[in-house]
Amino acid sequence: MPLDQNASSVQINVRLRSAKARDPKCTTVVVFARKGKTKSEVSGMGPELDKRLSEIVASILENGLSLEDLKKAGTFLRLADLNGYQNVAVFGLDEKVKTHEDLRRLGASVLACLKSNKVTDADIAFGPIATLFKSSLADAAQAFVEGALLAAYDFNKFKTKKKEDSKKDEEPKETKLHLLVEKKNTAFDKAIDTASTLVDCVNFTRDLGNTPGNLMTPEILADSTVKKAKGTALKVTIWDRARIVKEKFGGLLGVSLGSAVDPRFIIMEYNGAAKSKKPVCFVGKGLTFDSGGISIKPSAAMEEMKFDKCGGATVIGTMLAIAKLKLKINAVGFVPATENMPGPLANKPGDILTARNGKTVEVDNTDAEGRLILMDALSYATEHKPAVIFDAATLTGACVIALGNIHTGAFTRDSKLRKKILEAADNTGELVWPMPIHDNHVSDMKGTYADLCNISSNRGAGASTAAAFLEQFVDKEIPWAHFDIAGTAWHVGNRLNYCSKKGASGSMVRTFVELARMFG
Ligand code: BES
Ligand code: MN
Ligand code: ZN
């Protein structure tokens, strides 16, 4: 049974700010206060309301709150008749609101405030933000809406409903947000559509990550991808075990041997440009549960290893977004999917596997399995002669030690590519940090009895030696970058208010789509 995506609970549209356009059902207005000539004031709601709201803001600020406080959480007031509104949520635009990422976080704060006050229909006086971000109004709207929609995500479908709630739940609980603008602007409308599409795909990535191993086996991951791709221009092909054997994917097959369920290889193809144009390739680690295998992991926090499929989920979300946004590029996504379990046929330390490209690997630690399934997928991606290959994987605990849950590690020897990656990440606000791959890391991965070993012969630099291992499966002429998302794929809510406190973040989907735009 493929996964049914959590229905999005928030709809955003644009509405003209005229008295005629007012909807009496909409009880709440969100306004933004910023420093005026003499004092902080509200604008964007028309002279009369602006004046009343500015007075309210003045009294809030006199009572000790700052614009910065009002930026983080806002303040929610229930007032009698504000031109038909009964509630106002006041947010601050202080001088630190400069980047699109600031707007993304502001959008998330607004959503959280409305949610906690149980508001399901609100107008948002977008004008002051528009004034502040004049040069890139559409992009500003996109960022704000992304933040709000990303923050609305809640993975609660496995909690049974309380009896007294069941009646209420019969009614749809959709929240409607309306960005109030002075005049119609098609670029603005399009930006909101883009944000909604992107977030729908990020949220699908999050759903795939959050669903536990018993309900998201390789087979279910593949079926869910096929189902979600219906109606898009994506061509999805699924290889079963027999095909994986036939195609000589010795790593993917080897890792799957200890599991009672079969592996899958997911291929997603999108053609939005001339056939002759080289594709952008994405490869993602789809480990639906990583127990460590015979080199079994300690029990503490082992449940988090359901998130070991997040790299694969990122690639699936990216390819869906590329197709839904109808980018004029060619792209292919590859996701090797398997469990890593210690069943009777499992790899034993010392076993030797042969990769798709013929290289042999000694498996000295069965818990270093990600690189074993990626080696086949990267070799196969190489055969497509792509313009560039990007891979995403929850590959090493070492990367979590190095960068925490703050940055994704980006590994490439190609300085031009590195520059582009940092530019793309800067555009999306996702934090990415360049990490080294050096010949020393490669020599650390030489095997004793086979060409390569899956663990390093030296201590330290575990994230780089893993990257150096992957490098052995990509042709030197093809630009390639590896992203270790072990730290950023889940539990980042303490850093980013548009991500849940616990659970999958959907990290790198937006940056991968940005890279696809750049390289396509
Ligand atoms: N999936 C893990 C990496 C991981 C661990 C991600 C913890 C996030 C949190 C990966 O398969 C793994 O087990 N890597 C080993 C490699 C080692 C045996 C060389 C690791 O990092 O300990
Ligand atoms: Mn592992
Ligand atoms: Zn793993």
Side-chain angles (χ1 to χ4, degrees), residues 209-210 213 216 218 221 251-252 254-259 263 283-314 335-342 346-351 353 361-375 377 391-409 411 435 441 444-447 452-470 482-492 502-505 507-508:
N210 285 329
M216 191 48 68
L221 185 68
L252 178 57
V255 172
S256 78
L257 288 176
S259 166
V283 176
K285 171 177 172 182
L287 228 297
T288 59
F289 188 78
D290 180 13
S291 73
I294 296 297
S295 316
I296 200 157
K297 288 180 182 293
S299 323
M302 203 207 265
E303 75 281 359
E304 292 189 10
M305 284 299 116
K306 71 172 181 178
F307 295 117
D308 215 17
K309 51 178 144 47
C310 285
T314 288
V335 179
T338 178
E339 289 183 341
N340 183 24
M341 297 292 281
N347 283 319
K348 303 165 288 296
D351 283 1
L353 303 176
V361 183
E362 199 177 314
V363 181
D364 281 1
N365 188 322
T366 65
D367 197 11
E369 84 299 335
R371 58 200 80 184
L372 299 175
I373 69 170
L374 289 170
M375 68 184 183
D391 79 69
T394 49
L395 201 63
T396 66
C399 196
V400 189
I401 301 297
L403 300 174
N405 70 348
I406 302 173
H407 292 85
T408 291
F411 301 75
M435 297 282 280
H441 300 128
D444 282 357
M445 300 307 287
K446 289 265 166 331
L452 293 159
C453 179
N454 78 331
I455 53 170
S456 170
S457 52
N458 277 296
R459 261 171 58 83
S464 287
T465 52
F469 179 94
L470 297 182
H482 154 64
F483 295 83
D484 196 330
I485 59 170
T488 53
W490 68 91
H491 297 3
V492 299
K502 289 281 170 73
S505 61
S507 82
M508 295 310 289

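Order of appearance sets the numbers: ligands from 1, and atoms from 1 within every ligand. In this text, all values refer to a predicted model and were calculated from it rather than measured experimentally. Sequence positions, counted from 1, serve as the residue numbers for this chain.
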*Taking it one step at a time, do Leu395 and Leu470 satisfy side chain to side chain contact (heavy atoms under 4.5 Å, CB included)?*
CA-CA 11 Å; Leu395 201 63; Leu470 297 182; 3.9 Å; yes
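- Taking a cut-off of under 4.0 Å to the non-hydrogen atoms of Ala486, the atoms of ligand 1 that pass are 6 (C), 8 (C).
- For ligand 1 and Glu369, the ligand atoms under 4.0 Å from any heavy atom of the residue are 11 (O).
- A salt bridge does not link Glu304 to Lys502: none of the charged side-chain nitrogens sits closer than 4.0 Å to a carboxylate oxygen.
- Under the 3.5 Å distance criterion, the side-chain polar atoms of Asp308 are left unmatched by any main-chain donor or acceptor of Phe289.
- Taking 4.0 Å as the cut-off, Trp490 counts as a neighbour of ligand 1 on heavy-atom distance.
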*Going through the distances and angles, do Thr396 and Asp484 end up as a side chain to side chain donor-acceptor pair (under 3.5 Å)?*
CA-CA 7 Å; Thr396 66; Asp484 196 330; 2.8 Å; yes
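- Not a single heavy atom of Met302 lies less than 4.0 angstrom from ligand 1.
- Atom numbering of ligand 1 starts at 1 in the shown order; those under 4.0 Å from a heavy atom of Ile455 are 19 (C).
- For a distance bound of 2.8 Å, the N, O or S atoms of Lys285 include one lying that close to the Zn ion (ligand 3).
- For ligand 1, none of its N or O atoms has an N or O atom of Thr396 under 3.5 Å away.
- Each of the atoms 1 (N), 10 (C), 11 (O) of ligand 1 lies under 4.0 Å from some heavy atom of Lys285.
- Residue contacts with ligand 1 include Met305, since one or more of its heavy atoms lies under 4.0 Å from the ligand.
- With a cut-off of 2.8 Å, the Zn ion (ligand 3) has an N, O or S atom of Asp308 in range.
- Taking the Mn ion (ligand 2) as reference, the nearest N/O/S atom within Asp290 carries the name OD2.
- When Ile455, Asp444, Leu372 are each tested for a side-chain contact (heavy atoms from CB on, under 4.5 Å) with Phe469, only one passes: Leu372.
- Applying the 4.0 Å criterion to heavy atoms of Asp290 picks out, from ligand 1, the atoms 1 (N), 2 (C), 10 (C), 11 (O), 13 (O).
- The Zn ion (ligand 3) is closest to atom OE2 of Glu369 (considering only N, O or S atoms).
- Take the N/O/S atoms of Glu369: the one nearest the Mn ion (ligand 2) is OE1.
- Using a 4.5 Å cut-off on side-chain heavy atoms (C-beta onward), Asp367 and Asp290 make contact.
- Take the N/O/S atoms of Asp290: the one nearest the Zn ion (ligand 3) is OD2.
- Taking every non-hydrogen atom of Arg371 and a distance limit under 4.0 Å, the qualifying atoms of ligand 1 come out as 16 (C), 19 (C).
- Of all protein heavy atoms, the one closest to atom 17 (C) of ligand 1 is Ala368 CB, 4.3 Å.
- Of the candidates Asp367, Asp364, Val255, Asp367 brings a heavy atom nearest to atom 13 (O) of ligand 1.
- Contacts between Asn365 and ligand 1 below 4.0 angstrom, taking non-hydrogen atoms only, involve the side chain exclusively.
- Under 4.0 Å from ligand 1, not a single heavy atom of Lys309 appears.
- Neither the backbone nor the side chain of Glu304 has a heavy atom within less than 4.0 Å of ligand 1.
- The distance from the Mn ion (ligand 2) to the nearest N/O/S atom of Asp367 is under 2.8 Å.
- In terms of protein heavy-atom proximity, atom 20 (C) of ligand 1 is closest to Gly397 N, 3.8 Å.
- The protein heavy atom nearest to atom 1 (N) of ligand 1 is Asp308 OD1, 2.9 Å.
- Nearest non-hydrogen protein atom to atom 14 (N) of ligand 1 is Leu395 O, 3.5 Å.
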